[in-house]
There are 2 protein chains.
Amino acid sequence: MAKPPKQNSPITEHLAYLLAQANREINRQLELRLSKEGVPVEQWRILKVLSDGNGHSMGELADAVLLNHPTLTKMIDRMVSDTLVYRVQDPNDRRKVLMFISDRGKVLCKKLNSLAVDQEEHILESYGDKPTSELKRLLESLIDSSN
Amino acid sequence: MAKPPKQNSPITEHLAYLLAQANREINRQLELRLSKEGVPVEQWRILKVLSDGNGHSMGELADAVLLNHPTLTKMIDRMVSDTLVYRVQDPNDRRKVLMFISDRGKVLCKKLNSLAVDQEEHILESYGDKPTSELKRLLESLIDSSN
DNA sequence: CTTCAATTCTTGAATATTCAATATTTTCAA
DNA sequence: TTGAAAATATTGAATATTCAAGAATTGAAG
């Protein structure tokens, strides 16, 4: 009797790979739009989180925008130079630094938001309304179940 | 009449963000497993693609494993040093280099595959069978619709 | 109170990635 | 057939990221 061929699944069937591939593609598209304003995706995320007007600590921010602490510190350094955001020492816990968005940052953030909305709309068109919201739902619950 | 507050959707609702977050988390888990063999995820992908025994050009490989050409070149340099893969000039088109997996590479790849399968099983358990295959289906069709 | 461990952020060195330029080979039109 | 354009891979310099260590502050136990 011949062994059944232990068919090893190709890499394209792994969830990790599909996620990486989809992420890469969607990110590439978004990057392309935001490059009109010369801003990397991560900076848009930072501006968007800060645009609630509240102060956010570096740790909080790093989690929210999916960056390591040192990487975030250096990116924030650049954004401070560009006067998009500014640092304030937290008066209640002086180990912490609170980040705020500047007026210039708010103006830029609005432009970026509309570029991003363009993309979302483009996805809705080509991919469909229902699959999009279904995909979002599934991704949220995957993330939940991973904690 | 007060304007309705133009509620700007938080970043956590954007598809691009959800994909990045899910990808980061799943990739982190996979990295953790593969680190048992001291191998980065990208090298596992390379080995897996090459394990069909056929020669693959650098361009083909770069597409398949989601890496830029120069990044791939340098990663392959390391893997050649580790005798996991080797280069052969394509006899039919001498601009190309064909990559092959070595015996050592095959042995390592098998170990890595089972570590990756562990992870997939862990996801199936905590996230569920049906949501997983549904998510895969949606990701594939998103990727399709983006080309 | 004092001291020691934990938390938060930043820094500098090591490592990795990217961009632009280069070298080689092939393709194809004139 | 020749010469210019395209395709393929690599290199080196510029840039970005990461890891490990450091500085400052807080918390909490003795």
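All values reported here derive from a predicted model rather than from experimental measurement. All chains are named by letter (A, B, ...) in the order of the sequence lines, taking the proteins before the strands, and each is independently numbered beginning at 1.
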Worksheet entry | A:Arg95, nearest nucleotide to its side chain (from C:dT26, C:dT17, D:dT26) | D:dT26
Worksheet item: With the threshold set at 4.0 Å, does a side-chain nitrogen-carboxylate oxygen contact exist between B:Glu42 and B:Arg78?
Response: no
Practice prompt. Output the single nucleotide from D:dT25, C:dT10, D:dT10 whose closest atom is nearest the side chain of A:Asp93.
Written response: D:dT25
Worksheet entry | Main-chain N/O of A:Asn54 paired with A:Asp52 side-chain donor or acceptor, under 3.5 Å | yes
Worksheet item: Rounded to the nearest Å, what distance is computed from the CZ atom of residue A:Arg87 to the C1' atom of nucleotide D:dA24?
Response: 15 Å
Discussion item. Any side-chain N or O of A:Arg78 below 4.0 angstrom from OP1/OP2 of D:dT17?
Written reply: yes
Worksheet item: With respect to the phosphate group of C:dT8, does any side-chain polar atom (N or O) of A:Ser57 fall under 4.0 Å of OP1 or OP2?
Response: no
Item to complete: Taking A:Glu31 for its side chain and A:Val41 for its backbone only, find out whether a donor-acceptor pair lies under 3.5 Å.
Response: no
Discussion item. Without decimals, in angstroms, what is the distance between B:Glu31 CD and D:dC19 C1'?
Written reply: 13 Å
Practice prompt. Take the protein atom CG of A:Leu66 and the nucleotide atom P of D:dA16, then report the distance between them rounded to whole Å.
Written response: 19 Å
Item to complete: Whole angstrom is fine here: how far is it from CG in A:Asp77 over to P in D:dT15?
Response: 16 Å
Worksheet item: If you take atom types as modelled and just measure distance, does the side chain of B:Lys74 reach the base of C:dT18 with a donor-acceptor pair under 3.5 Å?
Response: yes
Worksheet, complete the sentence: Quick note, A:His69 side chain, CB onward, closest among C:dC9, C:dT26, D:dA9 is C:dC9
Item to complete: Report the distance from atom CG of A:Asp90 to atom C1' of C:dT8, rounded to the nearest whole Å.
Response: 11 Å
Worksheet item: With distance as the sole criterion, do the side chain of A:Lys96 and the base of D:dT26 form a donor-acceptor contact below 3.5 Å?
Response: no
Item to complete: Would you please confirm or rule out a distance under 4.0 Å between OP1 or OP2 of D:dT18 and any side-chain N or O of A:Asn68?
Response: yes
Discussion item. I'd like to know if B:Glu134 pairs up with B:Arg137 as an ion pair, taking the criterion as any Lys NZ or Arg NE/NH1/NH2 lying under 4.0 Å from an Asp or Glu carboxylate oxygen.
Written reply: yes
Item to complete: Measure the distance from CE on A:Met58 to P on C:dT7 and round it to the nearest whole Å.
Response: 19 Å
Worksheet entry | Length of the CD-C1' vector between B:Glu60 and D:dT8, whole Å | 12 Å
Worksheet item: Does a nitrogen or oxygen in the side chain of A:Arg94 sit under 4.0 Å from OP1 or OP2 of D:dA24?
Response: no
Fill in: Under 4.0 angstrom between A:Thr73 side-chain N/O and C:dT11 OP1 or OP2
no
Worksheet item: A:Leu98 has an atom CG; how far is it from atom P of C:dT8, in whole Å?
Response: 12 Å
Item to complete: State, yes or no, whether a side-chain contact exists between A:Leu50 and A:Leu61 at a heavy-atom distance under 4.5 Å.
Response: yes
Worksheet item: So which nucleotide from C:dT10, D:dT10, D:dT18 ends up closest to the side chain of A:Thr71?
Response: D:dT18
Worksheet item: Which sits closer to the 5' end of DNA chain D, B:Pro70 or A:Asn92, going by the nucleotide each is nearest to?
Response: B:Pro70
